[in-house]
Amino acid sequence: MKWARFRHAGSVSTGRVEGDQVVPVAASSPLSAILDGTDATGDPIPLADVTLLAPIDPVRNIFCVGWNYLPHFKEGEVVHGERPLPDRPNFFTKATGTVIGPFDDIPSHVGLTEKLDWEVEMAVIIGRRCVDLSESDALSAVAAYAVAQDMTGRDVQHAHGGQWFRGKSLDGTCPIGPWLVDAGDIADPQGLDISCSVNGAVKQTSNTSTMIFTVARLLAELSRGLTLLPGDVLLSGTPEGVGMGRTPPEFLHPGDVVESTVAGIGTIRNRVV
Ligand code: MG
């Protein structure tokens with residue numbers, strides 16, 4: 001099932017998405033609806049009449065992994081030269097203030113970055129307190145999946161020693177949604193088409209099967225000595241086709257529209273302003 005957070009008639013609610021409608025429910029958040037169950041509290045509302053909000057509330061940690069799709073790792077050679085494949089995932093975080101709704105505008109941060117880049121990602125939402133997960137048991141800790149963008153100011157990143165946190169933590173650079181999809185509805189998180197277009201032109205198109213480290217392996221590695229809590233989010237990496245790796249490089253400008261899709265989950269769409 002799909003669980004959304006939305007604003008309608010001046011108030012914020014949680015709802016179950018059914019086709020092109022959303023049914024208001026009693027749960028305080030989409031994650032609570034998945035974990036605790038919930039009852040409908042009102043009549044269906046057309047999705048066209050609501051504003052979908054980020055489906056994670058409150059926003060907890062936003063863990064991320066770099067270079068997790070093999071073709072994307074290869075396209076990084078444009079900037080970084082030839083490198084051996086990593087034997088462990090390269091983790092970092094985004095500041096929680098980056099999170100915005102699935103159809104919200106993304107600030108261009110003109111004057112701070114001239115190299116705002118797109119990165120479509122599958123977001124993994126943790127459903128229970130856990131630590132030291134085994135790879136074989138790791139997916140049992142996942143409550144839901146969503147679509148996200150890990151927008152990055154490449155020049156900001158490179159101006160601060162190359163460490164990723166700064167360039168990936170600009171306000172409004174993590175749209176997420178359009179809703180949470182129950183993990184039980186995703187039979188195999190390693191078999192989903194994932195894509196991103198800018199102004200209607202496809203820039204990234206791949207499949208989660210080309211991840212270097214599976215979601216299960218990522219969670220096993222991340223949770224070693226690090227307790228994960230319900231609502232923590234892991235962005236599982238971006239596939240090939242980012243602007244930085246193109247010839248010539250391409251970046252986002254005010255007015256550009258970025259559309260990001262993971263098959264079986266949904267599509268988010270954000271205008272750069
Ligand atoms: Mg990323």
Side-chain angles (χ1 to χ4, degrees), residues 54 56 59 61-80 83 85-86 88-100 102 106 109 113 115-125 145-158 160 162-177 189-190 192-198 203-215 217-219 221-222 232-246 249-252 258-262 265 268 270 272:
I56 47 172
V59 178
N61 291 301
I62 307 293
F63 298 108
C64 307
V65 57
W67 304 124
N68 197 36
Y69 282 76
L70 188 55
H72 175 55
F73 183 81
K74 291 292 182 189
E75 76 180 344
E77 291 175 353
V78 170
V79 175
H80 299 281
R83 303 159 292 168
L85 271 181
R88 290 193 186 281
N90 198 336
F91 291 119
F92 62 98
T93 58
K94 286 174 86 79
T96 55
T98 58
V99 172
I100 59 174
I106 299 173
H109 296 280
T113 179
K115 294 184 177 180
L116 187 66
D117 202 351
W118 55 84
E119 292 191 2
V120 62
E121 313 224 356
M122 181 172 71
V124 179
I125 290 81
Y145 296 91
V147 183
Q149 267 285 340
D150 174 21
M151 291 268 168
T152 305
R154 301 290 181 201
D155 41 2
V156 177
Q157 173 182 323
H158 297 143
H160 291 267
Q163 210 276 351
W164 291 344
F165 173 78
R166 189 66 185 88
K168 287 173 174 287
S169 289
L170 303 179
D171 289 348
T173 55
C174 187
I176 185 167
Q190 305 308 144
L192 305 177
D193 288 336
I194 182 168
S195 63
C196 172
S197 68
V198 179
K203 301 295 185 184
Q204 296 181 277
T205 179
S206 189
N207 188 281
T208 58
S209 62
T210 64
M211 285 185 186
I212 297 172
F213 302 106
T214 63
V215 171
R217 173 77 188 279
L218 291 173
L219 292 175
E221 294 280 357
L222 180 63
D232 279 345
V233 174
L234 169 65
L235 303 189
S236 53
T238 200
E240 65 277 21
V242 298
M244 169 187 72
R246 307 183 79 84
E250 299 172 20
F251 297 105
L252 295 167
V258 181
E259 192 168 278
S260 313
T261 299
V262 179
I265 299 177
I268 63 174
N270 307 92
V272 179

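Both ligands and their constituent atoms are indexed starting at 1 by order of listing. Residue indices begin at 1 and follow the sequence shown.
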So, do Ile106 and Pro175 sit near enough that their side-chain heavy atoms are less than 4.5 Å apart? yes
Matching residue for Ser260 among Glu121, Gln149, Gln204 - test: side-chain hydrogen bond (donor to acceptor under 3.5 Å, both in side chains): Gln149
Keeping the roles fixed (side chain from Thr113, backbone from Lys115), state whether a donor-acceptor pair exists under 3.5 Å. yes
Please tabulate, for the side chains in residues 63-70, all donor-acceptor contacts under 3.5 angstrom to protein atoms that are two or more places apart in sequence or on a different chain.
{"unit_1": "Asn68", "atom_1": "OD1", "unit_2": "Phe213", "atom_2": "N", "d": "2.9"}
{"unit_1": "Asn68", "atom_1": "ND2", "unit_2": "Phe213", "atom_2": "O", "d": "3.0"}
{"unit_1": "Asn68", "atom_1": "ND2", "unit_2": "Ser236", "atom_2": "O", "d": "3.1"}

I'd like to know if Lys74 pairs up with Glu240 as an ion pair, taking the criterion as any Lys NZ or Arg NE/NH1/NH2 lying under 4.0 Å from an Asp or Glu carboxylate oxygen. no
Does atom CZ of Arg166 have more than 12 heavy-atom neighbours, drawn from other residues, nucleotides or ligands, at distances under 6.0 Å? no
Shell check on the Mg ion (ligand 1): protein N, O or S atoms less than 2.8 Å away are Glu119 OE1, Glu121 OE2, Asp150 OD2
